[in-house]
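A, B, ... follow the sequence lines: proteins, then strands. Residue 1 opens every chain. Keep in mind the model is a prediction, meaning the values are calculated, not measured.
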Protein chains: 2
Amino acid sequence: MELSERQLQILQAIIYDYVENAEPVGSRSIAKRYDFGVSPATIRNEMSDLEEMGYLTHPHTSAGRVPSDKAYRLYVDDLMKKKSLSNKDKRFISDRLAANCTAFDETIKHAAKLLSEITQLTSFAMTPSSNQDIISFIKLLPADENTVILMIVGESGRIMNTTLRFEVSYSQEVLDILSKNMTVNYKGRTLDEVLESGIIADASSDIEALNSLLGKLRPTFIKTLEDMLDVNLYMEGMTNIFDIPEYSSIDRAKAFLEIFTKKEEFTRKILERADGVVVTIGDENDSMKDCSLITATYHVDGNLIGKIGVIGPTRMKYDEVTSIMEYLTNNLSETFKLTDGKDK
Amino acid sequence: MELSERQLQILQAIIYDYVENAEPVGSRSIAKRYDFGVSPATIRNEMSDLEEMGYLTHPHTSAGRVPSDKAYRLYVDDLMKKKSLSNKDKRFISDRLAANCTAFDETIKHAAKLLSEITQLTSFAMTPSSNQDIISFIKLLPADENTVILMIVGESGRIMNTTLRFEVSYSQEVLDILSKNMTVNYKGRTLDEVLESGIIADASSDIEALNSLLGKLRPTFIKTLEDMLDVNLYMEGMTNIFDIPEYSSIDRAKAFLEIFTKKEEFTRKILERADGVVVTIGDENDSMKDCSLITATYHVDGNLIGKIGVIGPTRMKYDEVTSIMEYLTNNLSETFKLTDGKDK
DNA sequence: AGTTAGCACTCTATCTAAAAGAGTGCTAAC
DNA sequence: GTTAGCACTCTTTTAGATAGAGTGCTAACT
């Protein structure tokens, strides 16, 4: 069944009102606050229909209506107008973002903080996943008699290293040969390729004399590659949720915060999401029902893709938040295009 | 005024009772539960005296007594007996600690998790402060035409690197000379020494031809050293506080959690604390009054010192928690003595 | 057929008063 | 020094009454 124009308008009005006031909306307040030229009774009838269609719910008989997840979905997909930020807001974001631009991770973290401040929600930011990063070179450095450092450098500038200790010592020359050999073998491939294809296992191409060292090195090499794939997750504004009526009970607050204690799981879920601005509402999130999650992607060097997002109650200013995030991620991508992504 | 033996016993009984039940303790329940051979009225008199001396407080006229910070301090210093862990508990800790021992940071994090699980409090762990780590060598590596990697390696095995981009390219030879030069200059000094004395500024000893590169390098060098000093802080069991009656109001919970949003400040405070098991109670903590904070130190290679701790309400099982932490940190130090601290 | 006024009905939230409970503090006796 | 007894205080619980918000239905109106 199609929704009539008036029903859409009423639904939108209810969403506005509920998002603003966090309280079930009655027919009377809609009739009064928004000028539909009809009486509360008419609105009541429409609301009843909307409820039947699943767009509204009823906490109890004598309460007003609350938009359902389905209503928010409709709103986000069809009703919502892109909100254009005021120049003041834009300048605020640009300035704050530019202010702190020394290290890459710092900038990302800063962006998350900014986002949580503006939206008054809990936000997070992730450093790019490096699985498409390309190996630039591999180097083995002797640290002392028994210690060798394995270092992998990606084209993005990302570096990862691990210290290894051996009983025997290896000469600079041996290590150099092996470094060059490994570099030749793996240079130009993405981390994913190297890890997932069995290339590492195939050592036959390596010089025989180095086989023993290479054997010892292999697990460390894999571990270092995996470390390199790790993304960093920064959370900001966690305590903001205490100011949101939805989470004013201890149980709800606890449930909300527990999401973030499982960082790995959370990270995995975020990485699975599509690029661009993505909104998932309530039940659409397998866990964290009664939350909405909005993520957006930024680019580094036009290649690597990092994510930034906010989490809050389904009752959320979707238009504002998505607009802010779009502007913010564009800005971030721009920043990382010009200055080139430095890494720790 | 000295406390009589009986007053000490009564105080201890009140502390036990309050720690267990989280409710103001009345004279009657003390008389009944602990066999002092005197009537509630007598206990009442003693309690009144204890209150006058500042060991007890009164939420309101007709409520029982609650131990003050002063009482807990007395308890921790004089009354508390060291609780010896059961073999079962010991085995549990040892096993869990040994189970996950691949990477250094992982082990630390794991220890914090374990601590929060056992105590049901919020815990944290910090990687060692490297300020006494000694520079082993410094290396400049060419990554591509415009990119140089600065790498500082400490004797502990800790490595830190930063990528630099230049307009001009430097040959392997130039970088090698500078690497050797820098290594000679700084090798054997602690990070603190190098950063705080003005050694870095004194470039006169460096070969003239390299001065321009060195000039560009200097800020990066300092930044990398500082990064190396950074300690990692891991928090575990944050949501445990929701199960503690003291924090069952949203405001209290919020205040508690806000402590951890200021990681830098918190880290600084923890680093200032003395070595060994240190207990600070309520007002003794400048911020976070009405919390108690217990920290303990573990050693890596017998040198570097990391910290692990718990935070909870002043109403806490000090004897148990301190014993667990002592055992845990000894165990950690032992682990890091044998396997040698690897670092990412 | 759509719209509207009117009104009974439902459910929640708020307020009040009363009662119960816990524990003290004091007094007088042991 | 100890204790029983008891009045007093303050909090917590309970219950009932009331007010308020909003619906859902009916019947009348356009």
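Applying the side chain to side chain donor-acceptor pair (under 3.5 Å) test to A:Thr122 and every residue at least two apart in sequence or in another chain returns nothing. Among residues two or more places apart in sequence or in another chain, the side chain to side chain donor-acceptor pair (under 3.5 Å) test is passed with B:Arg33 by B:Asp17. Residues meeting the side chain to side chain donor-acceptor pair (under 3.5 Å) test with B:Asp243, sequence neighbours left out: A:Lys254. Under the side-chain contact (heavy atoms from CB on, under 4.5 Å) criterion, B:Lys83 pairs with B:Asp319, B:Glu320, B:Ser323, sequence neighbours left out. Under the side-chain contact (heavy atoms from CB on, under 4.5 Å) criterion, B:Lys90 pairs with B:Leu85, B:Asn87, B:Tyr327, not counting sequence neighbours. For B:Asp89, the side chain to side chain donor-acceptor pair (under 3.5 Å) criterion is met by B:Ser86, not counting sequence neighbours.
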Table of protein N/O atoms under 3.5 Å from nucleotides 27-30 of chain C N/O atoms:
none

Polar atoms only, N or O, under 3.5 Å: list the protein pairs with nucleotides 5-15 of chain C and their distances.
unit_1 : atom_1 : unit_2  : atom_2 : d
C:dG6  : O6     : A:Arg44 : NH2    : 3.3
C:dT10 : O2     : A:Ser62 : OG     : 3.2
C:dC11 : O2     : A:Ser62 : OG     : 2.9

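Salt bridge status for B:Glu326 with B:Lys82: present, with a side-chain N to carboxylate O gap under 4.0 Å. Ion pairing between a basic and an acidic side chain is recognised when a charged N comes within 4.0 Å of a carboxylate O; A:Glu265 and A:Lys269 show such pairing. Note on B:Arg252 versus B:Glu246: no salt bridge recorded, every NZ/NE/NH1/NH2 to OD/OE distance being 4.0 Å or above.
Atom NE2 of B:His58 is separated from atom P of D:dT9 by 15 Å (rounded to the nearest Å). Look at CD on A:Gln7: it is 11 Å from P on C:dT3, rounded to the nearest Å. Atom pair A:Asp49:CG and D:dT23:C1' shows a separation of 14 Å (rounding to whole Å applied). As rounded to whole Å, 16 Å separates atom C1' of D:dC25 from atom CD of A:Glu51. To the nearest angstrom, P of C:dG25 lies 11 Å from CG of B:Leu56. Taking atom CD1 of residue B:Ile43 and atom P of nucleotide C:dT24, one finds them 10 Å apart after rounding to whole Å. Atoms CZ (B:Arg33) and P (C:dA22) sit 12 Å apart, rounded to a whole Å. Protein atom CD of B:Glu52 is 13 Å distant from nucleotide atom C1' of C:dG25, rounded to whole Å.
Considering only side-chain atoms of A:Asn45, the nucleotide from D:dT2, C:dT4, C:dT24 that sits closest is C:dT4. Checking C:dT3, C:dT24, D:dG24 against the side-chain heavy atoms of B:Met47 singles out C:dT24 as nearest.
Here B:Arg65 does not reach the OP1 or OP2 of C:dA22: none of its side-chain N or O atoms lies under 4.0 Å away. Between D:dT23 and A:Ser27, a contact under 4.0 Å exists linking OP1 or OP2 to a side-chain N or O. Of the side-chain N and O atoms in A:Arg28, none sit less than 4.0 angstrom from OP1 or OP2 of C:dT4.
Note: B:Tyr16 and B:Tyr75 have perpendicular aromatic rings, judged against thresholds of 30 and 60 degrees for the angle between ring planes.
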Please list every donor-acceptor pair under 3.5 Å in which a side-chain atom of residues 57-69 of chain B meets a protein atom from a residue at least two apart or in another chain.
unit_1  : atom_1 : unit_2   : atom_2 : d
B:Thr57 : OG1    : B:Val66  : O      : 3.4
B:His58 : NE2    : B:Ala63  : O      : 3.4
B:His60 : ND1    : B:Ser62  : N      : 3.4
B:Arg65 : NE     : B:Glu51  : OE1    : 2.8
B:Arg65 : NH2    : B:Glu51  : OE1    : 2.8
B:Ser68 : OG     : B:Gly54  : O      : 2.7
B:Ser68 : OG     : B:Tyr55  : O      : 3.2
B:Ser68 : OG     : B:Lys70  : N      : 3.3
B:Ser68 : OG     : B:Ala71  : N      : 3.3
B:Asp69 : OD2    : B:Asp283 : N      : 3.0

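Against DNA chain D, the stretch residues 10-24 of chain A makes no heavy-atom approach under 4.0 Å.
Screening A:Arg268, A:Glu272, A:Arg273 for a side-chain contact (heavy atoms from CB on, under 4.5 Å) involving A:Ile270 leaves a single residue, A:Arg273. For the side-chain contact (heavy atoms from CB on, under 4.5 Å) with B:Gln7, the qualifying choice from B:Gln12, B:Met53, B:Met47 is B:Met53, the only one to do so.
Sorted by first and then second residue, the ring pair (Phe, Tyr, Trp, His ring centres under 6.0 Å) pairs with a member in residues 253-291 of chain B read B:Phe124-B:Phe266, B:Tyr247-B:Phe256, B:Phe256-B:Phe260, B:Phe260-B:Phe266; sequence neighbours excluded.
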Nucleotide-level pairing of DNA chain C, given in dot-bracket where Watson-Crick and G-U pairs need both distances under 3.5 Å and | marks other strands: ||||||||||||||||||||||||||||||
